[in-house]
There are 2 protein chains.
Amino acid sequence: MKDDLKLTIGKLAKISGVGVETVRFYERKGLIKRPAKQEGSFRHYPEVEAKKIRFIKKAQELGFTLKEIKELLQLQIREQATCGNITQRAEVKLSEVEAKIKDLKNMRRSLIKLVDSCGDKKISLKQCRVLDCFEPGWKC
Amino acid sequence: MKDDLKLTIGKLAKISGVGVETVRFYERKGLIKRPAKQEGSFRHYPEVEAKKIRFIKKAQELGFTLKEIKELLQLQIREQATCGNITQRAEVKLSEVEAKIKDLKNMRRSLIKLVDSCGDKKISLKQCRVLDCFEPGWKC
DNA sequence: ATAAACTCCGTACTTTAGTACGGAGTCAAC
DNA sequence: GTTGACTCCGTACTAAAGTACGGAGTTTAT
């Protein structure tokens with residue numbers, strides 16, 4: 001409620017690092033909502049929308065689709081009543097996030113091993129394959 | 001060199017969890033290469049290709065594009081000569097992986113906080129926004 | 001040895017996530 | 001008070017990553 005004074009779509013796009021068309025696209029997809037109380041005929045956004053767009057871009061890099069990101073953004077508690085519902089959905093997302101972390105740690109371990117094995121001639125060269133890192137029971 | 005006896009494209013697709021068309025698509029994109037020595041006029045793949053396809057699917061879930069995944073798959077040391085080159089590229093990928101892990105950990109912390117705050121009435125409800133978790137200096 | 005199932009190849013279609021375009025209206029700066 | 005930049009809206013186009021189709025050839029199972 002402070003300084004959402006003059007955030008037109010162009011300025012929002014700029015500070016969020018996307019194009020104007022992308023903002024409108026996210027609006028159509030229901031990821032950000034059109035500001036209700038407009039003075040004049042142009043949109044005026046609160047600053048939190050910039051955070052939201054940056055969140056979207058980051059989450060995409062982590063392998064979430066826009067549909068999934070929308071679900072993440074809906075995880076906001078407004079009243080105690082809806083809490084159980086939200087907690088439940090949050091826990092699902094949490095386990096997805098943890099699965100990704102686990103997989104990325106395997107990939108990291110594999111890459112570290114690869115880098116190390118170049119310095120050390122004792123390590124067999126062809127055993128260092130990144131593609132093995134997700135196989136069940138894999139230990140590099 | 002063991003039992004790549006009879007892995008036709010259909011069987012490869014099945015054990016890898018994708019469709020036949022997808023295998024051919026990856027082949028066209030250069031992610032997997034067509035088996036050279038064919039006996040008969042059909043493709044016969046070594047088993048390692050199944051691992052490769054499973055790697056591709058996993059890596060996609062972690063936000064890597066096919067272009068990036070191709071680069072990851074090319075990180076294989078064959079001789080000491082190319083080692084420096086590969087190490088260098090592996091280190092770039094490694095830092096990307098570490099950045100993703102860091103971001104996912106922030107997201108995880110944010111989701112945990114959200115879940116916790118539902119059990120605890122003392123925590124302010126509206127402060128728990130997942131969308132803040134990537135902002136610089138964020139502490140949940 | 002013949003039918004069923006599978007493979008090959010090229011081409012076309014689909015979905016997701018944007019990007020671009022263009023005419024009309026609006027705002028603000030000089 | 002006009003001019004230039006910005007906004008609005010609908011529509012169309014694009015790239016990435018598949019997915020489907022269909023006719024012809026090949027393999028295998030009976």
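These numbers come from a predicted model, not from an experiment. The chains referred to below are lettered A, B, ... by the order of the sequence lines, with proteins before strands, and numbering in each begins at 1.
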Exercise for the section: Flag yes if B:Ile112 and A:Leu104 sit in one hydrophobic cluster, no otherwise; membership is Ile, Leu, Val, Met, Phe, Trp, Tyr, and two members link when side-chain heavy atoms are under 4.5 Å apart. Expected result: yes

Tabulated below should be each protein N or O lying under 3.5 Å from an N or O of nucleotides 28-30 of chain D; please produce it.
none

Exercise for the section: Answer with yes or no whether the hydrophobic clustering places A:Ile69 together with A:Phe25; edges join I, L, V, M, F, W, Y residues whose side-chain heavy atoms lie under 4.5 Å apart. Expected result: yes

Problem - Whole angstrom value for the distance that separates C1' of C:dT16 from CG of A:Leu31 - result: 12 Å

Completion exercise
The salt bridge (Lys or Arg N to Asp or Glu O under 4.0 Å) partners of B:Arg54 (sequence neighbours excluded) come to A:Glu135

Practice task
May I ask you to decide if A:Thr65's main-chain N or O and A:Glu68's side chain share a donor-acceptor pair within less than 3.5 Å?
Solution key: yes

Exercise for the section: Could you check if a side-chain atom of A:Arg43 sits within less than 4.5 angstrom of a side-chain atom of A:Leu12, using non-hydrogen atoms only? Expected result: no

Problem - Any A:Leu7 side-chain heavy atom under 4.5 Å of A:Ile15 side chain - result: yes

Problem - A:Leu111 side chain near B:Leu75 side chain, heavy-atom distance below 4.5 Å - result: yes

Practice task
Go through the steps for A:Glu49 and A:Lys52 under the test salt bridge (Lys or Arg N to Asp or Glu O under 4.0 Å), then give the verdict.
Solution key: CA-CA 5 Å; A:Glu49 298 301 277; A:Lys52 202 179 277 187; 3.6 Å; yes

Problem - OP1 or OP2 of C:dA17 under 4.0 Å from side-chain N/O of A:Tyr26 - result: no

Fill in the blank from the handout: Rounded to whole Å, the CZ-P distance (B:Phe25 to C:dC8) equals 18 Å

Exercise for the section: Would you mind telling me which residue lines up with the more 5' stretch of DNA chain C, A:Thr22 or A:Gly40, judged by nearest nucleotide? Expected result: A:Thr22

Every protein N/O within reach of nucleotides 5-7 of chain D N/O, cut-off under 3.5 Å:
{"from": "D:dT7", "atom 1": "OP1", "to": "A:Thr8", "atom 2": "OG1", "distance (Å)": "2.6"}
{"from": "D:dT7", "atom 1": "OP1", "to": "A:Gly10", "atom 2": "N", "distance (Å)": "3.1"}

Handout entry: DNA chain D-proximal residues of residues 48-67 of chain B, any heavy atom under 4.0 Å
Key = B:Lys57, B:Gln60, B:Thr65, B:Leu66

Identify all side-chain donor-acceptor contacts of residues 91-100 of chain B below 3.5 Å with residues at least two apart in sequence or on another chain.
{"from": "B:Lys93", "atom 1": "NZ", "to": "B:Glu71", "atom 2": "OE1", "distance (Å)": "2.7"}
{"from": "B:Ser95", "atom 1": "OG", "to": "B:Val92", "atom 2": "O", "distance (Å)": "2.8"}
{"from": "B:Lys100", "atom 1": "NZ", "to": "A:Glu61", "atom 2": "O", "distance (Å)": "2.6"}
{"from": "B:Lys100", "atom 1": "NZ", "to": "B:Leu62", "atom 2": "O", "distance (Å)": "3.1"}

Exercise for the section: Indicate yes or no: at least one non-hydrogen side-chain atom of B:Met107 is less than 4.5 angstrom from one of B:Asp103. Expected result: no

Close N/O contacts between protein and nucleotides 20-24 of chain D (under 3.5 Å):
{"from": "D:dC21", "atom 1": "N4", "to": "B:Glu21", "atom 2": "OE1", "distance (Å)": "3.4"}

